[in-house]
Amino acid sequence: MPLVRSRFGSPEPLERSLGDEYQIDAVVVPVVSVDRSGYRLGYGKGFYDRFFAHLSRRGMRPCRIGFGFSMQLHASLPRDPWDEPLDLFVDENAVMRFNSY
């Protein structure tokens, strides 16, 4: 499928197609920074937090995975009540598990 650059510079499909959210087993979540409790700073729009809240209301909780570098890992980060934590963070040194996945 043809891809175009998003406003953040990452490739995304030219045309959107709705998938079946009941089939989602895992979500790769972008991170700017992540703390040792699995909370992350993203790009400031709250898209993933709203999406995960939407799935939770439907009884779904896919595994939430962030990829990055160890320099992005911090002891703690500021968080809001609506922030949704990761289950896993993968960096060049290790896989950190925050929940029971």
Hey, does the side chain of [X] reach the backbone of [Y] with a donor-acceptor pair shorter than 3.5 angstrom?
X: Asn99; Y: Leu86; value: yes
X: Asp35; Y: His74; value: no
X: Asp49; Y: Glu84; value: yes
X: Gln23; Y: Asp20; value: no
X: Arg79; Y: Asp83; value: no
X: Asp80; Y: Trp82; value: no
X: Ser33; Y: Leu41; value: no

(message) Is any side-chain heavy atom of Val29 closer than 4.5 Å to one of Arg40?
(response) yes

(message) I'd like to check Tyr39 versus Pro85 (side-chain heavy atoms, cut-off strictly below 4.5 Å). Are they in contact?
(response) yes

(message) If I take atom CG from residue Leu3 and atom OG from residue Ser10, how far apart are they, to the nearest 0.5 angstrom?
(response) 10.0 Å

(message) Just verifying a value: how many Å separate Ser70 OG and Asp91 CG, rounded to the nearest 0.5 Å?
(response) 5.0 Å

If hydrophobic clusters are built from ILVMFWY residues whose side chains come within less than 4.5 Å, do [X] and [Y] share one?
X: Met60; Y: Phe52; value: yes
X: Val90; Y: Phe69; value: no
X: Val28; Y: Phe89; value: no
X: Leu88; Y: Leu55; value: no

Can you give me the closest heavy-atom contact between [X] and [Y], atom names plus distance?
X: Gly66; Y: Val31; answer: CA-CG1, 4.3 Å
X: Pro62; Y: Val27; answer: CG-CG2, 4.0 Å
X: Lys45; Y: Arg50; answer: O-NH1, 2.8 Å

(message) Ring of Tyr48, cation from Arg64 - is the NZ or CZ under 6.0 Å from the centre and inside 45° of the axis?
(response) no

(request) Flag the pair Phe8 / Tyr43 as yes when their ring centroid distance falls below 6.0 Å, and as no otherwise. (result) yes

(message) Please determine whether side chain to side chain donor-acceptor pair (under 3.5 Å) holds for the pair His54 and Arg58, giving the CA-CA distance in whole Å, both sets of side-chain angles, and the decisive distance to 0.1 Å.
(response) CA-CA 7 Å; His54 165 79; Arg58 288 171 167 63; 3.2 Å; yes

(message) Can you tell me if Glu92 has over 12 outside heavy atoms packed within less than 6.0 Å of its CD?
(response) yes

